[in-house]
Number of protein chains: 2
Amino acid sequence: MTDLHTTNALRLLQVADDFRAGLSGEFSAVHGISVNEFFLLLHLERSAANRLPRVDLARRMHVSASTITRMAAPMEKVGLVDREVDERDARLVFVVATDAGRAKLSEALSTFSKRAGYLFDDRCDDEELDRFASILRRLIAGTGDTLA
Amino acid sequence: MTDLHTTNALRLLQVADDFRAGLSGEFSAVHGISVNEFFLLLHLERSAANRLPRVDLARRMHVSASTITRMAAPMEKVGLVDREVDERDARLVFVVATDAGRAKLSEALSTFSKRAGYLFDDRCDDEELDRFASILRRLIAGTGDTLA
DNA sequence: GCTATATGCTTGCAGACGCAAGCGAGTCGC
DNA sequence: GCGACTCGCTTGCGTCTGCAAGCATATAGC
């Protein structure tokens with residue numbers, strides 16, 4: 001039908017969509033956050049001092065700067081993140097994870113891991129898992145932001 | 001940091017997002033369609049008679065029925081798809097690909113394959129590609145709709 | 001045949017997002 | 001210093017999407 005590259009890309013997108021759709025439901029029901037909010041918190045945790053400028057978050061998350069502004073606002077209200085202005089450069093506004101934010105991330109991450117387990121367990125042995133991770137790592141390379 | 005299942009799932013989502021973001025720009029610029037419209041056409045092509053009930057499309061594409069309604073309308077206007085009502089059951093409204101729709105899909109698919117080539121080429125050898133495809137196929141299994 | 005229920009589709013409304021414009025803050029050249 | 005440019009953030013507007021309600025059609029029980 002089509003070449004292997006194409007088939008792999010199609011399957012990749014489909015698996016990712018399926019997984020994300022499953023996550024979305026459980027996240028909003030159990031943790032009260034969206035998948036994007038989860039990733040925002042995760043990016044913060046993986047960063048230097050639990051904080052990132054808004055423009056950095058936007059680039060890492062493949063969303064526009066305005067989306068970060070509008071995502072952060074309600075999260076500040078609920079106390080998941082705080083707002084910090086850089087002392088040197090007043091243009092930079094950091095999104096910083098609060099203790100509550102890190103706790104929420106931790107809960108959500110365990111849900112994430114559980115579903116990741118459902119996805120891979122009984123479908124891959126350990127060696128395949130390693131190879132899979134190795135390939136994915138190379139496919140990410142070039143974007144810069146690691147996250148995993 | 002975290003177990004391999006989790007790492008793989010995170011990387012999977014990230015690679016898929018990166019790839020989809022890249023596609024999105026080229027699709028709208030070169031072919032004048034969105035990524036979702038591309039997938040709609042692809043699902044039709046992969047189906048029995050180049051046509052599917054709207055509710056089926058919705059399930060396969062992980063979107064709501066209303067989204068299909070609103071996606072199909074402008075595509076009918078442009079002539080990419082047609083509308084057919086089932087003779088036996090007047091509730092079923094099929095979305096059917098026109099010749100123009102299949103041609104558009106063919107163009108877009110070549111763009112898709114090109115980008116899939118960029119993604120995998122020089123990063124995986126043939127054996128890895130096979131293993132990758134094998135794993136992804138198993139990860140999809142269970143949803144029913146194949147697509148690839 | 002008639003009512004009750006289920007199914008597929010569409011529409012009103014609200015939420016999330018991108019783009020472009022606007023504003024404040026920093027930097028460079030003079 | 002001072003103007004011109006750049007950069008980060010926010011806001012207005014249009015688009016896309018999901019959810020819930022409504023409508024039309026089909027099916028089951030009587």
Side-chain angles (χ1 to χ4, degrees), chain A residues 17-18 20-29 32-41 43-44 47 51-78 80-96, chain B residues 17-18 20-29 32-41 43-44 47 51-78 80-96:
Chain A
D17 275 358
D18 289 358
R20 180 183 278 265
L23 265 188
S24 179
E26 188 163 0
F27 269 8
S28 69
I33 61 174
S34 71
V35 176
N36 270 348
E37 287 171 334
F38 165 75
F39 277 114
L40 189 152
L41 289 173
H43 276 288
L44 292 182
S47 70
R51 57 176 218 168
L52 281 172
R54 297 162 118 74
V55 68
D56 270 26
L57 271 172
R59 272 191 284 264
R60 291 172 195 239
M61 296 179 64
H62 280 305
V63 298
S64 68
S66 52
T67 298
I68 299 295
T69 295
R70 290 177 169 120
M71 242 194 306
M75 293 177 77
E76 287 173 19
K77 235 173 204 169
V78 184
L80 294 175
V81 299
D82 259 344
R83 182 190 185 79
E84 280 182 14
V85 180
D86 190 299
E87 294 181 352
R88 315 278 179 181
D89 187 342
R91 290 173 306 179
L92 289 179
V93 183
F94 287 89
V95 181
V96 46
Chain B
D17 274 358
D18 288 358
R20 179 182 280 264
L23 265 188
S24 178
E26 188 163 359
F27 269 7
S28 69
I33 61 175
S34 71
V35 176
N36 271 348
E37 287 171 334
F38 165 74
F39 276 113
L40 189 152
L41 290 172
H43 276 288
L44 292 182
S47 71
R51 57 176 217 168
L52 282 172
R54 296 162 119 74
V55 68
D56 269 26
L57 271 172
R59 273 192 283 264
R60 291 171 195 241
M61 295 180 63
H62 281 305
V63 298
S64 67
S66 51
T67 297
I68 299 295
T69 295
R70 290 177 169 121
M71 245 196 302
M75 294 178 77
E76 287 173 19
K77 233 172 205 169
V78 184
L80 294 176
V81 299
D82 258 345
R83 182 189 185 80
E84 280 182 13
V85 180
D86 189 300
E87 294 181 352
R88 315 279 179 180
D89 187 341
R91 291 173 306 179
L92 289 180
V93 183
F94 287 89
V95 180
V96 46

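Each chain gets a letter, A, B and so on, in the order its sequence line appears, and its residues count up from 1. Small disclaimer: the values here were computed from a predicted structure and weren't measured.
Salt bridge present: Asp89(B) and Arg91(B) bring a charged side-chain N and a carboxylate O closer than 4.0 Å.
Side-chain atoms of Leu41(B) and Val81(B), non-hydrogen and from C-beta on, do get closer than 4.5 Å to each other. Using a 4.5 Å cut-off on side-chain heavy atoms (C-beta onward), His43(A) and Asp56(A) make no contact.
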Exercise. List the steps, then state whether side chain to side chain contact (heavy atoms under 4.5 Å, CB included) holds for Met71(B) with Leu57(B).
Key: CA-CA 11 Å; Met71(B) 245 196 302; Leu57(B) 271 172; over 6 Å; no

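Summarising the geometry, the separation between CZ on Arg88(A) and P on dT27(C) is reported as 11 Å, rounded to the nearest angstrom. What separates CG of Asp86(B) from C1' of dT27(D) is a distance of 15 Å, to the nearest Å. When rounded to the nearest whole Å, the span between CD of Glu37(A) and P of dA16(C) equals 8 Å.
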Exercise. For nucleotides 7-17 of chain D, just jot down a letter per nucleotide in 5' to 3' order: B, S or -, based on protein non-hydrogen atoms under 4.0 Å.
Key: BSSBBBB---B

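Between the side chains of Ser66(B) and Thr69(B), no donor-acceptor pair is found at a separation under 3.5 Å.
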